[in-house]
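Lettering of chains follows the sequences in order, A, B, ..., and the numbering in each one begins at 1.
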Amino acid sequence: MAVDADVLIDWFDTHGRDLPWREPECSAWGVLVSEIMLQQTPVARVQPIWLEWMARWPVPSALAAETTGEVVRAWGKLGYPRRALRLHAAATVIAAEHGDVVPSDVDTLLALPGIGAYTARAVAAFAYGKRAPVVDTNVRRVVARAVHGVGDAGPASNTRDMADVEALLPAEDAPAAKLSAALMELGALICTARAPRCADCPVYDTCTWQHNGRPEYAGPAKPVQKFAGTDRQVRGLLLDVLRGSEGPVEKARLDIVWHEAGQRDRCLDSLLVDGLLEQTDSGLFALPGEH
DNA sequence: TATCCGTGGCA
DNA sequence: TTGCCAAGGAT
C-alpha cells in the first residue's frame, strides 16, 4: 500500500496547519468561501481577506445583498476576480433556493456557479465530513509520486484522477474526509513541487517514487503561462484603477495604464462583458452597482 | 482538451 | 532577473 490512511491521518493531526476554515466551528459557508478564494491563490494571501469576509458576510444571504461592485472591491488583489462574481452568484442561489444553507450534496454543489469537480467535493468533505475524492494539484502530485512512482503528475484527467484517489479512501465518511485533507496538506507541506521534503514524509517507507529512486518527471512539458503583456495583465491594471477609486472614473484615467489602445479597449470591453465593470449614463466607468 | 482568466513570492 | 508555482473553473 503506497499510502497508509492511518499513518497519514496521524501525521495530519500532528503537523496540519491551524487554518481558520479548519476550525470545528467554521460554517459550511466559511468553508465554501475559503475554497473559492484558494483556487490558484496561496493561503497566506487568502487568510486576511477570508477573515474580513466572514466578519462582514457571515451567511450567504448577507453577501447576496451586496452589489457585485462592492464584492469585487472586497476581493482586493486575490486575482481572478470573476471568482468574486461567481461566489456572489452562488450565494444568491443558496439564499434563494437552499434556505441560506450551503448544499452538502456534490451534484447540487456542482450546479452552483464557480463550483467545479474539486470545490464541490472539497465542500462535501471538509464542511460536511463526507467521503468524496478531493483532487487538487497537491493531491495529483502526491498520487503521481506515492502511488504511480513518477516525479510529477501529467496532464489532468478528471475521471482517472478521481478514481485513483477514491481507491485510497477509507470506507467510512469521517476518516475518508480526514484523509482527503491530509493528502492535500502533505502535498502542500512535504510533497511539494520543488524540493520535496522527503526526509520528513510520513509515507516515506511506502512511497513508490522513493522505491523507484525518485526519477525525474518524464511526461509532456507543462505549458507555461505568460503574464507580462497579456490581456490578463491589462485587465488587472484597468480593474485596479476602479478598486482604488471611490466612484466612477473617466476613460482618460483608464487610458494611462496601458499604452496600446487596441488591446486596452478590447480588455475594457471584456471587463464590461464579464460584469466586472459598468459604464454610467454619462460615459464614466465604475464597479457594478457603484454609481 | 487546450486556453484563458490575476497576482505576487521565491529561487 | 526570469520563470515557476499557488486548494480550479468555464468554455
Next item on the list: Check for a donor-acceptor pair, side chain of A:Asp161 on one end and backbone N or O of A:Ser157 on the other, with a separation under 3.5 Å.
Entry: yes

Next item on the list: Apply the salt bridge (charged side-chain N to carboxylate O under 4.0 Å, His left out) test between A:Asp152 and each candidate in A:Arg141, A:Lys222, A:Arg214; give the one that qualifies.
Entry: A:Lys222

Notebook entry, point to check: When we call it a touch if two heavy atoms are under 4.0 Å apart, what does A:Pro155 touch: a base, just sugar-phosphate, or nothing?
Noted result: nothing

Next item on the list: Map A:Gln233 and A:Ala156 onto DNA chain B by nearest heavy atom, then report which one ends up closer to the 5' terminus.
Entry: A:Ala156

Checklist line | Trace of the salt bridge (Lys or Arg N to Asp or Glu O under 4.0 Å) decision for A:Arg266 with A:Asp269 | finding: CA-CA 5 Å; A:Arg266 179 177 73 244; A:Asp269 185 62; over 6 Å; no

Margin query: Using a heavy-atom cut-off of 4.0 Å across all strands, would you classify A:Asp274 as base, sugar-phosphate, or nothing?
Written below: nothing

Notebook entry, point to check: Around A:Glu23, counting heavy atoms of other residues, nucleotides and ligands shown, do more than 12 lie under 6.0 Å from its CD?
Noted result: yes

Note to self: Can you pull out every ring-ring contact (aromatic ring centres under 6.0 Å, His included) where at least one residue sits in residues 32-78 of chain A? Sequence neighbours excluded, please.
What the structure shows: A:Trp21-A:Trp50, A:Trp53-A:Trp57, A:Trp53-A:Trp75

Check: Which value, in whole Å, describes the distance between the P atoms of nucleotides B:dG6 and C:dT11?
Finding: 14 Å

Note to self: I'd like the P distance from C:dA7 over to B:dC5, given in whole Å.
What the structure shows: 22 Å

Check: For nucleotides 3-11 of chain C, read 5' to 3', which letter fits each nucleotide if B means a protein heavy atom sits under 4.0 Å from the base, S means only the sugar-phosphate is that close, and - means neither?
Finding: BBSBBBSS-

Next item on the list: May I ask you to check whether over 12 heavy atoms, not counting those of A:Arg22, lie within 6.0 Å of atom CZ?
Entry: yes

Next item on the list: Give me the first and last nucleotide of DNA chain B, going 5' to 3', that has any atom under 4.0 Å from a heavy atom of chain A.
Entry: B:dC4 to B:dG9

Next item on the list: Look at atom CD of A:Glu246 and say whether more than 12 heavy atoms of other residues, nucleotides or ligands are closer to it than 6.0 Å.
Entry: no

Checklist line | A:Gln279 atom CD, neighbour heavy-atom count above 12 within 6.0 Å | finding: yes

Margin query: When the P atoms of B:dT3 and C:dC4 are compared, how many Å lie between them, rounded to an integer?
Written below: 16 Å

Margin query: Pick the closest DNA chain B nucleotide for A:Ser157 and for A:Leu78 by heavy atoms, then say which residue is nearer the 5' end.
Written below: A:Ser157

